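Reading through the structure tokens given below for one structure.
Just so you know, these numbers come straight off a predicted model, no measurement behind them.
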Amino acid sequence: MSPKVMLQYLLPHRLLSRLAYGVARTRTPWFKNWLIQLVVRKFNVDMADAADPVPTNYLHFNAFFTRALKPGVRPADPDASALVMPADGKISQAGRIEAGRIFQAKGQSFTAAELLGNEAMAAPYADGWFANIYLSPRDYHRVHMPWSGTLVETLHVPGRLFTVSPWGVQAIPRLFARNERLVCHFETEFGPMCSVMVGALLVSGVESVWNGEEIPPYAHRPVRRDWRGQGITLDRCAEMARFNYGSTVVLLFPRDAVQLDSFATETLTRVGQRLGQVHRA
């Protein structure tokens, strides 16, 4: 094990993430402007599509990081039967779930049940489809719906906060099934659909459009919320949640209901672009 990987196991993940949470909401003008400008330069952040393209206009770093886009800059694919990308970022992996296992990287995989924290809820995806999309610090950090759906339940799964950067995905076994995450189950016209918001070191905040801030607080045991009958229905390409500092979203679909297109690892993604096809009855 390399020193860099060993450090991931030794770091106080939650403490560091709590500190980052506070720093990201500091409103002292000189400090928040310095931090925003540092990230813009270091990661070559393109502000052209932002609703407010002036980085220092944001109240604090987190407001900059979760910035809205100008209306119309991420249109949904015109094919009404196309699944759409939920986020700006890069494809980490995408393809078939084989015998309940999701491919992470060479030599690494985990089960859908481990990811979702529930064997029964994972059953419909046993031989289905998955897509992992990594949001880097330069990306737009709001996550959208790949298809219209009604929220059924959420499960906040406690865990570690390992880095989800490409080298971490290669080196840390079962990474996405070990990190703190919010599992969101939807019912759609083609059946169940799942979107998993995976936290990471320093970037562990998750906020949903239906319940506000979900993480933190960090969980010490799984926290399930039943949303059946609440009428929370989100349209295809509508915002569903955001990372208050970035990470990875994992999508799961049933086998016969959809077919994902083929993507190479590291393929750039934009909200609204085609992800695959829904097989309508």
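Of the inter-residue distances, the one linking H144 atom NE2 with R142 atom CZ reads 7.5 Å to the nearest 0.5 angstrom. With rounding to the nearest 0.5 Å, the separation of CG in N179 from CE in M197 is 13.5 Å. Distance check: L11 CG to S17 OG gives 10.0 Å after rounding to the nearest 0.5 Å. Note that the CD atom of Q259 and the CZ atom of F253 stand 12.5 Å from one another [nearest 0.5 Å]. Remark: Q8 CD to L161 CG distance equals 10.0 Å, nearest 0.5 Å. Atom CE of M193 is separated from atom CG of L251 by 7.5 Å, given to the nearest 0.5 angstrom.
Connection of I102 to L155 is established within a shared hydrophobic cluster, with ILVMFWY side chains joined at heavy-atom distances below 4.5 Å, either directly or through further cluster members. Residues I91 and L268 do not share a hydrophobic cluster, clusters being chains of Ile/Leu/Val/Met/Phe/Trp/Tyr side chains in contact below 4.5 Å. With hydrophobic clusters built from ILVMFWY side chains whose heavy atoms lie under 4.5 angstrom apart, F130 shares a cluster with V169. Both V45 and F65 belong to a common hydrophobic cluster when Ile, Leu, Val, Met, Phe, Trp and Tyr are linked at side-chain heavy-atom distances under 4.5 angstrom. No chain of hydrophobic side-chain contacts below 4.5 Å, direct or via other Ile, Leu, Val, Met, Phe, Trp or Tyr residues, connects F186 to M121.
Within the 4.5 Å cutoff, the side chain of Y58 has no heavy atoms near those of the V54 side chain. Side-chain atoms of I133 and S92, non-hydrogen and from C-beta on, never get closer than 4.5 Å to each other. V198 is listed as a side-chain neighbour of V250, based on a closest heavy-atom distance under 4.5 Å. Looking at heavy atoms from C-beta onward, S195 lies out of side-chain contact with P86 at the 4.5 angstrom threshold. Between V196 and V249 the shortest side-chain heavy-atom distance does not fall below 4.5 Å. Side-chain atoms of L234 and L151, non-hydrogen and from C-beta on, never get closer than 4.5 Å to each other. Looking at heavy atoms from C-beta onward, Y125 lies in side-chain contact with P254 at the 4.5 angstrom threshold. Using a 4.5 Å heavy-atom cutoff, the side chains of P166 and Y134 are in contact.
Side-chain contact check for S165 and T163: at least one donor-acceptor pair (N or O, by modelled atom type) lies under 3.5 Å. Side-chain atoms of S208 and E214 form a donor-acceptor pair, as typed in the model, at a separation below 3.5 Å. No side-chain N or O of R236 forms a donor-acceptor pair with one of S148 less than 3.5 Å apart.
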Steps toward salt bridge (charged side-chain N to carboxylate O under 4.0 Å, His left out) verdict (R178, E114): CA-CA 8 Å; R178 297 170 73 177; E114 288 174 326; over 6 Å; no
task: Decide side-chain contact (heavy atoms from CB on, under 4.5 Å) for M240 and V143; before the verdict, give the C-alpha distance in whole Å, the side-chain angles of both, and the deciding distance to 0.1 Å.
output: CA-CA 6 Å; M240 62 151 287; V143 176; 4.2 Å; yes
- prompt: Do T26 and F61 pass the side-chain contact (heavy atoms from CB on, under 4.5 Å) test, and can you show the C-alpha distance, the side-chain angles, and the key distance before you say yes or no?
  reply: CA-CA 7 Å; T26 300; F61 182 80; over 6 Å; no
query: Checking side-chain contact (heavy atoms from CB on, under 4.5 Å) for the pair V23/L35: CA distance, chi angles, key distance, verdict?
result: CA-CA 9 Å; V23 168; L35 186 57; 3.9 Å; yes
- request: Apply the test side-chain contact (heavy atoms from CB on, under 4.5 Å) to residues V157 and R181: give CA-CA distance (whole Å), side-chain angles for both, the deciding distance (0.1 Å), then the verdict.
  value: CA-CA 5 Å; V157 184; R181 56 202 179 275; 3.5 Å; yes
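Counting only distance, with no hydrogens or angles, the side chain of T66 and the backbone of N62 share a donor-acceptor pair below 3.5 Å. With hydrogens and angles ignored, the 3.5 Å screen pairs a side-chain donor or acceptor of D127 with a backbone N or O of A99.
The distance between the ring centers of H13 and Y9 does not fall below 6.0 angstrom. Between H141 and F243, the ring center distance fails the sub-6.0 Å criterion.
Figure legend: R25 and Y21 shown as a cation-pi pair, the cationic atom lying under 6.0 angstrom from the six-membered ring centre and within 45 degrees of its axis. Stacking of R96 on the aromatic ring of W129 is recorded, both the 6.0 Å distance cut-off and the 45° axial limit being met. In this structure, R67 is positioned above the aromatic face of F64, its NZ or CZ under 6.0 Å from the six-membered ring centre and within 45° of the axis.
Between W147 and F190, the ring planes are tilted. Angles from 30° to 60° get that label.
In this structure, V73 and L69 approach most closely via the heavy-atom pair CG2-CB, 3.7 Å. Shortest non-hydrogen contact noted between M85 and R274 is CE-O, 3.7 Å. For the residue pair G205 and P216, the shortest heavy atom distance occurs at CA-CD, 4.2 Å. Considering all non-hydrogen atoms of both residues, K32 and T56 come closest at NZ-O, 2.7 Å. Of all heavy-atom pairs spanning P55 and M47, the tightest one is CG-CG, 4.0 Å. Pairing each heavy atom of D88 with each of L135, the nearest pair is O-CG, 3.4 Å.
E153 has a carboxylate O that lies under 4.0 Å from a charged side-chain N of R224, or vice versa, which qualifies the two as a salt bridge. Salt-bridge annotation for R14 and E180: present, with a side-chain N of the basic residue lying under 4.0 Å from a carboxylate O of the acidic one.
For E119, the CD atom counts as loosely surrounded, since its 6.0 Å shell holds 12 or fewer non-hydrogen atoms of other residues, nucleotides or ligands. The neighbour count for Q277 CD, taken as heavy atoms of other residues, nucleotides or ligands under 6.0 Å away, is above 12.
With S109 as reference, R101 is the one residue of Q104, R174, R101 to meet the side-chain hydrogen bond (donor to acceptor under 3.5 Å, both in side chains) rule.
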